[in-house]
Amino acid sequence: MAPISLTFPDGNARDYEAGVTPAKVAASISKSLSKKAISASVDGAHWDLQWPIEHDAQIAIHTMQDDAQALELIRHDFAHVMARAVQEIWPDTKVTIGPVTEKGWFYDFDRQEPFTPEDLGQIEAKMKQIIAARDPVRTEIWDRDRAIAHYQETGEPFKVELIDRIPEDAPIRMYWHGDWQDLCRGPHLQHTGQLPADAFKLMGVSGAYWFGDTSRPMLQRVQGVAFKNREDLKAHLNFLEEAAKRDHRRLGREMDLFHMQEEAPGQVFWHPNGWTIYTTLQDYMRRQQQAGGYVEVNTPQVVDRKLWEASGHWEKYQDNMFIVEVDEEHAREKAVNALKPMNCPCHVQIFNQGLKSYRDLPLRMAEFGSCNRYEPSGALHGIMRVRGFTQDDAHIFCEEDQIAEETEKFIGFLSSIYRDLGFPTFRIKFSDRPDVRAGSDEIWDKAEKALLDATRKITNDVEMNPGEGAFYGPKLEFVLTDAIGRDWQCGTLQVDFVLPERLDSTYIGRDGAKHRPVMLHRATLGSFERFIGILIEEHSGKLPFWIAPRQVVVASITSDADDYVHEVVSELRKAGIRAEADIRNEKINYKVREHSVGKVPVILAIGHREVEERTVTVRRLGEKQTQVAPLAEIVSTLAEEATPPDHL
RNA sequence: GCUGCUGUAGCUCAGAGGUAGAGCACUCCCUUGGUAAGGGAGAGGUCGAGAGUUCAAUUCUCUCCAGCAGCACCA
């Protein structure tokens, strides 16, 4: 066989016979590398140590030192080892797929009886046995028909389906460790003993559909996390514990912000503290929108189904709307209304009142629009995904050639607001036409191009999200993450050529003829509910001073100070600061602890000294050190800190 | 909506086929205390709802409701 030349990362090249495997290459370098090797990169592709190399190439041998490859392999091999463990314990279990996830892996199984939480321990124990056995991993490329026949024989229908999904020109790779076999694209470790037996944990069982197909029976998903070593695993479990403390549902209770109850699932009972956050944000948004050239409107909650039929929402979203039926004694038929699930059709009604001229465009119509959607029960999540919510919604009616400018303007508008609220960076996703949609392909071509081009003028950092657009148009999503890293769409911008058509909106153009406006649907925060949830988690409840519901608690150390405490509170309130007195018969330690847990940013303690000197002792949240300040000084300092960012 | 798990005092949780317990919170009393829980006493529960099995159900079974995790959905 002709020799091939392999070039190493240090630039040196060596000749090998064609068909040499990275395992042999590693062995030719040193015995220890041969043992430590986990995989290779061949011309940039992640390569199994057993796969032959047929051409000249750049090669790198990976060990556990290479984080990216090591974690990928560890997690992938854990998926296989777990599947084997499950099939060894319950041989009637069918295997499906088991991919790597961000911190670990999952494997979906088909089995009659459900896995119980207790089963997880049994599976973990079996996995440790498999690792201890150090079974060598072996791989072969099989002929497609042989693989299908094999899986039909062994009774693994999902694997047969999987093979059908593999492209014609791709190899069908089979992998083994011990007697256990799986179809897999690889690469894998040398042997199961390379897995860190003390650095993984099974995290739970849940349901999952085969390739997301709800028409098929649900599979059982077992998920795990895995790392290179025990310390990393412990660090991750610790992170999860810390994240749980930042959960907005927990902080909402601890900070007395809101509650939810059975009688109104998915709806928020805002307590005084939470409502203060809400109105503070709303006031801020109102100022921003006025400055940004928006007009504010308000529209009805209960609207006849005729309007929803006209807009197209009835057909598509009827099942997700709260329907309100009213029996009118003398009416021919029952009036059927729906609580508005969004504001756009109502805004169009305002636009449609009176003739509009091109001079009125762009018309930016904003509403703090309260909407109700009958979200599926499984979708509800604290105040992040609810059935009753208020959007900072607006619709920009404009001409086609204004789309780009309005898009740029909005992204700038949103960026500045996110910065003010403590989110200097965020992700942008672009979603294009879904399978089920309104409007012609030509219109979609136009809308997608206009939106994407305008966005790209501002940033190239746009993730593509194919097929995920709204039914009437493409959309941008502005995404923030919660405490444990789950993504939430907050802001959005959607181009819509369809609704103005359906609801017959027109304006008189320069040419004196009627034209269709384009509608841009946009929300900055998204919904107040979701945004506040994210805000709480992002700050672990320690909200920026201007948003904090209780900014200052003035706490007495002795009851002799009560009068002065009230005076201090009153001075602070005059300066526009949200201050409360705490003159309860409790020790200062007790008060400090309670208000610290309640995330009050500033505690002013007052005892005999302060009364005599007309000072206060300032204790800021998270700081052990206190400082003494004259009353007048602290009032002006705090008043300045309480100023919203747009008033600076 | 689907799969699994959970539902006991305001909160966090323990408990058992014979109608319930702890800590914190709450109320009152003592204490006036200098920066993350001072001491004592008291009050507080149709054990998520309904049905069934049983002499007896909060405990076992079923149905429903709600919550949690994931999947699906997200105008």
Side-chain angles (χ1 to χ4, degrees), chain A residues 101 106 108 114-117 119 203-223 247 249-250 253-254 256 259-266 308 311-317 319-321 340-345 371 373-382 384-386 391 434 437-438 468-473 475 477 484 486 488-489 492 494 496 498-499 521 526-527 530 555-562 583 585-598 603-610 617-626:
Chain A
T101 60
F106 64 77
D108 290 348
F115 291 111
T116 65
D119 289 340
M203 300 300 282
V205 191
S206 61
Y209 296 107
W210 172 250
F211 283 92
D213 184 349
T214 51
S215 70
R216 311 220 355 194
M218 197 157 237
L219 306 169
Q220 296 187 64
R221 172 168 298 180
V222 183
Q223 351 183 14
D247 191 308
R249 293 166 296 190
R250 173 171 172 164
R253 188 171 55 241
E254 289 176 358
D256 194 15
H259 84 273
M260 305 178 86
Q261 64 185 50
E262 233 180 272
E263 290 78 2
W308 307 113
S311 70
H313 291 97
W314 188 264
E315 188 190 0
K316 194 161 183 338
Y317 290 107
D319 289 345
N320 298 307
M321 287 158 79
K340 73 172 167 182
M342 62 328 228
N343 310 298
C344 28
C371 298
R373 296 178 186 175
Y374 188 76
E375 300 284 9
S377 58
L380 302 178
H381 180 87
M384 307 265 235
R385 184 81 184 271
V386 286
Q391 298 174 311
R437 58 178 181 264
E468 297 294 318
F471 77 92
Y472 50 69
K475 70 175 178 183
E477 289 178 39
I484 62 167
R486 283 178 291 213
W488 295 92
Q489 174 193 309
T492 182
Q494 302 164 14
D496 183 2
V498 175
L499 204 58
H521 306 240
S527 82
R530 176 174 297 177
S556 58
I557 293 169
T558 154
S559 52
D560 294 338
D562 289 358
I583 55 167
N585 176 18
E586 293 292 351
K587 296 204 167 177
I588 191 65
N589 289 304
Y590 182 93
K591 295 182 184 181
V592 164
R593 183 189 141 78
E594 185 173 284
H595 298 123
S596 299
V597 168
I603 298 170
L604 301 182
I606 290 178
H608 288 121
R609 276 206 304 273
E610 289 80 3
T617 298
V618 187
R619 190 189 205 279
R620 290 183 182 264
L621 185 58
E623 289 176 18
K624 287 258 186 301
Q625 285 294 17
T626 59

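Order of the sequence lines fixes the chain letters, A, B, ..., with proteins taken first and strands second; residue numbering starts at 1 for each chain. Heavy atoms only: backbone and side chains are in, while hydrogens, waters and symmetry mates are out.
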message: One character per nucleotide, please: for nucleotides 68-75 of chain B, 5' to 3', B when the base has a protein heavy atom closer than 4.0 Å, S when only the sugar-phosphate does, - otherwise.
response: SBBBBBBB
- prompt: What's the CD-C1' distance between A:E610 and B:U35, to the nearest Å?
  reply: 11 Å
- prompt: Going by atom types alone, do A:T116 and A:D119 pair a side-chain donor with an acceptor below 3.5 Å?
  reply: yes
Expected rows: protein N/O vs nucleotides 24-30 of chain B N/O, under 3.5 Å:
unit_1, atom_1, unit_2, atom_2, d
B:A25, OP1, A:Y590, OH, 3.3

- prompt: Checking only heavy atoms, does the side chain of A:T617 share a donor-acceptor pair with the base of B:G34 at less than 3.5 Å?
  reply: yes
- prompt: Does A:E263 or A:D560 map to a spot on RNA chain B nearer the 5' end, using the closest nucleotide for each?
  reply: A:D560
task: Round to the nearest Å and state the distance from A:D562 atom CG to B:U32 atom P.
output: 15 Å
- request: Go through the structure and list residues passing side-chain contact (heavy atoms from CB on, under 4.5 Å) with A:Q261, not counting sequence neighbours.
  value: A:H259, A:E263, A:F269
message: For a stem of at least 3 consecutive Watson-Crick or G-U pairs with distances under 3.5 Å, i pairing with j, i+1 with j-1 and so on, which stems involve RNA chain B?
response: B:1-7 with B:65-71, B:10-13 with B:21-24, B:26-30 with B:38-42, B:48-52 with B:60-64
query: Mind checking what makes side chain to side chain donor-acceptor pair (under 3.5 Å) contact with A:T626, not counting sequence neighbours?
result: none
field: Polar contact flag, side-chain donor to acceptor under 3.5 angstrom, A:T492-A:Q494
entry: yes
- prompt: Using the ring of each side chain (for Trp, its six-membered ring), is A:Y317 parallel, tilted or perpendicular to A:F471, with breaks at 30° and 60°?
  reply: tilted
message: Taking the P atom in each of B:A9 and B:A20, what is the distance between them to the nearest angstrom?
response: 14 Å
- prompt: Taking the P atom of each, how far is B:A51 from B:G70, in whole Å?
  reply: 36 Å
message: Looking at the base of B:U32, is there any donor atom on it, or on the side chain of A:S559, that sits under 3.5 Å from an acceptor on the other one?
response: yes
- request: Could I get the full list of side-chain contact (heavy atoms from CB on, under 4.5 Å) partners for A:R620, not counting sequence neighbours?
  value: A:V602, A:V618, A:E623, A:T637, A:L638, A:E641
task: Ignoring hydrogens and angles, tell me if any N or O in the side chain of A:E375 forms a donor-acceptor pair with the backbone of A:R385 under 3.5 Å.
output: no
query: Say you pick atom P in B:C60 and the same atom in B:A16; how far apart are they, in whole Å?
result: 10 Å
- prompt: Does A:P434 offer a backbone N or O that forms a donor-acceptor pair with the side chain of A:R437 under 3.5 Å?
  reply: yes
message: I'd like the P distance from B:U32 over to B:A49, given in whole Å.
response: 47 Å
- request: Among B:G1, B:A66, B:G34, find the nucleotide with the atom closest to the side chain of A:S377.
  value: B:G1
task: Evaluate the side-chain contact (heavy atoms from CB on, under 4.5 Å) criterion for residues A:M321 and A:W314: first the C-alpha distance (whole Å), next the side-chain angles of each, then the deciding distance (0.1 Å), finally the verdict.
output: CA-CA 8 Å; A:M321 287 158 79; A:W314 188 264; 4.2 Å; yes
B:A14 versus B:G45 - spacing of their C1' atoms, nearest Å: 15 Å
- request: Could you tell me whether a side-chain N or O of A:K591 sits under 3.5 Å from a main-chain N or O of A:S556, the two making a donor and an acceptor?
  value: yes
query: Whole Å only: how far is the NE2 atom of A:H259 from the P atom of B:G67?
result: 12 Å
- request: In whole angstrom, give me the gap between the C1' atoms of B:G39 and B:A57.
  value: 42 Å
query: Within the structure shown, what part of the strands sits under 4.0 Å from A:R253 by heavy-atom distance: base, sugar-phosphate, or nothing?
result: sugar-phosphate
- prompt: Closer to the 5' end of RNA chain B via nearest nucleotide, is it A:L604 or A:P117?
  reply: A:P117
field: Euclidean distance for P, B:G10 against B:A25 (whole angstrom)
entry: 16 Å
- prompt: A:R530 side chain to A:M384 main-chain N or O, any donor-acceptor pair under 3.5 Å?
  reply: yes
message: From CD1 of A:I606 over to P of B:U35, roughly how many Å is that when rounded to an integer?
response: 16 Å
- request: For A:Q625, report the nucleic acid contact type (base, sugar-phosphate, nothing); a contact means any heavy atom under 4.0 Å.
  value: nothing
task: Show your reasoning for whether side-chain hydrogen bond (donor to acceptor under 3.5 Å, both in side chains) applies to A:T617 and A:E610.
output: CA-CA 7 Å; A:T617 298; A:E610 289 80 3; 2.5 Å; yes
message: Taking only the P atom of each, what is the distance from B:A56 to B:C13 in whole angstrom?
response: 35 Å
- request: Would you mind reading off the distance between A:R620 atom CZ and B:A36 atom C1', rounded to a whole angstrom?
  value: 18 Å
- prompt: More than 12 foreign heavy atoms under 6.0 Å from CD of A:E254: is that the case here?
  reply: yes
